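Below is one structure, written out as structure tokens; comments come after it.
This one's a predicted model, so the numbers in the text were calculated from it and none came from an experiment. We count ligands from 1, going down the list as the structure has it; atoms in each ligand are counted the same way.
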Amino acid sequence: MPSLIVRSFGLSIDGYGAGPSQDLRNPLGVRGPELMEWLFCTRVFHRIHGQEGGEAGVDDEMAELGFAGIGAWILGRNMFGPVRGPWLDDSWKGWWGEEPPYHTPVFVLTHHRREPLAMKGFTEFHFVTEGIHSALEQARAAAGDRDIRLGGGVATIREYLRAGLVDEMHCAIRPVLLGSGEHLWSELDLSRLGYECFKFVPGERAVHVLLRRRKSGA
Ligand SMILES: NC(=O)c1ccc[n+]([C@@H]2O[C@H](COP(=O)([O-])OP(=O)(O)OC[C@H]3O[C@@H](n4cnc5c(N)ncnc54)[C@H](OP(=O)(O)O)[C@@H]3O)[C@@H](O)[C@H]2O)c1
């Protein structure tokens, strides 16, 4: 059965997955890029952005895990962009330019209807207004026997965790304290929700923590 997985989710030691005050100049919020510095150096990151080089190592291997066997993505509307409220027009097409690095159908959760948007390289954004279960159902139908990657952001991952729908989650914990922003864990009792940590790997610039849903009865 294909899984719903979170990969390469950058987190500060104090649990923030994005900085505050997201806008056009700060897609990850203020100081948000500090959460992702481990990824920016990797070979994987260079490759998916069409660049040469990057560093091999544990961080690179962990980042690589996030791109194998993915048949669809699910994103929250704020990860897709800084536009809030009703879409005034179709001019915003994501942060990633004409050819986004997804190359699959991408289901964007929003309360505001919008027509699908086809991009270069087989990325197609579908805007889902019927909630997380519907987005997952549509993503499963599109992904076939491949996994679905839940890209973020924070609020969207929290919703899927709270519903017990995330099968596996990889967090890359960076040695930074943000102090404010979007907090991933607040009032989320992961243990009660049935999750356990099954792997803990120190990398070059982050510590990689892998969580999964405990098998029932365990
Ligand atoms: N640390 C990392 O690795 C990482 C990864 C990805 C993203 N990020 C960052 O995380 C931040 C975004 O996270 P966020 O928590 O602000 O927002 P988000 O999860 O990206 O999006 C939340 C928005 O999605 C829509 N939405 C979510 N659930 C919905 C539902 N059930 N039904 C309908 N619409 C729903 C709503 O938008 P509307 O009501 O406005 O339509 C909601 O305000 C960005 O700064 C991004 O760069 C970090």
N or O contact, [X] vs ligand 1, cut-off under 3.5 Å:
X: Leu11; answer: no
X: Gly151; answer: no
X: Thr129; answer: no

> What is the closest protein heavy atom to atom 19 (O) of ligand 1, and at what distance does it sit?
Replying inline: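 The protein heavy atom lying closest is Thr156 OG1, 2.7 Å.
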
> Is there a protein heavy atom less than 4.0 Å away from atom 42 (C) of ligand 1?
Replying inline: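 Under the 4.0 Å cut-off, atom 42 (C) of ligand 1 has no protein heavy-atom neighbours at all.
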
> Under a 4.5 Å cut-off applied to non-hydrogen side-chain atoms, are Arg158 and Trp185 in contact?
Replying inline: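 Counting from C-beta outward, Arg158 and Trp185 never come under 4.5 Å.
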
> Is any side-chain heavy atom of Ser3 less than 4.5 Å from a side-chain heavy atom of Arg213?
Replying inline: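 When only atoms from C-beta onward are counted, Arg213 and Ser3 do not touch, as no gap falls below 4.5 Å.
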
> Does a sphere of radius 6.0 Å around CZ in Phe122 hold more than 12 heavy atoms from other residues, nucleotides or ligands, not counting ones at 6.0 Å or beyond?
Replying inline: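 No, because the 6.0 Å sphere around CZ of Phe122 holds 12 heavy atoms or fewer from other groups.
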
Mode of [X] contact toward ligand 1 - side chain, backbone, both, neither (heavy atoms, under 4.0 Å):
X: Arg84; value: neither
X: Gln22; value: side chain
X: Ala18; value: side chain

May I ask you to check whether [X] and [Y] show a side-chain donor-acceptor distance below 3.5 Å?
X: Arg84; Y: Gln22; answer: yes
X: His208; Y: Asp59; answer: yes
X: Glu124; Y: His126; answer: yes

>> On a heavy-atom basis, which atom in Glu64 and which in Val44 lie closest, and how many Å separate them?
In response: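 Smallest heavy-atom distance, with atoms named: OE1-CG2, 3.5 Å.
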
>> Out of all atoms in ligand 1, which are within 4.0 Å of some heavy atom of Glu159? Include the element for each.
In response: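 Under 4.0 Å from Glu159, ligand 1 has these atoms: 27 (C), 28 (N), 29 (C), 30 (C), 31 (N).
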
> What atoms in ligand 1 come closer than 4.0 Å to a heavy atom of Gly76?
Replying inline: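 Under 4.0 Å from Gly76, ligand 1 has these atoms: 18 (P), 20 (O), 21 (O), 24 (O).
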
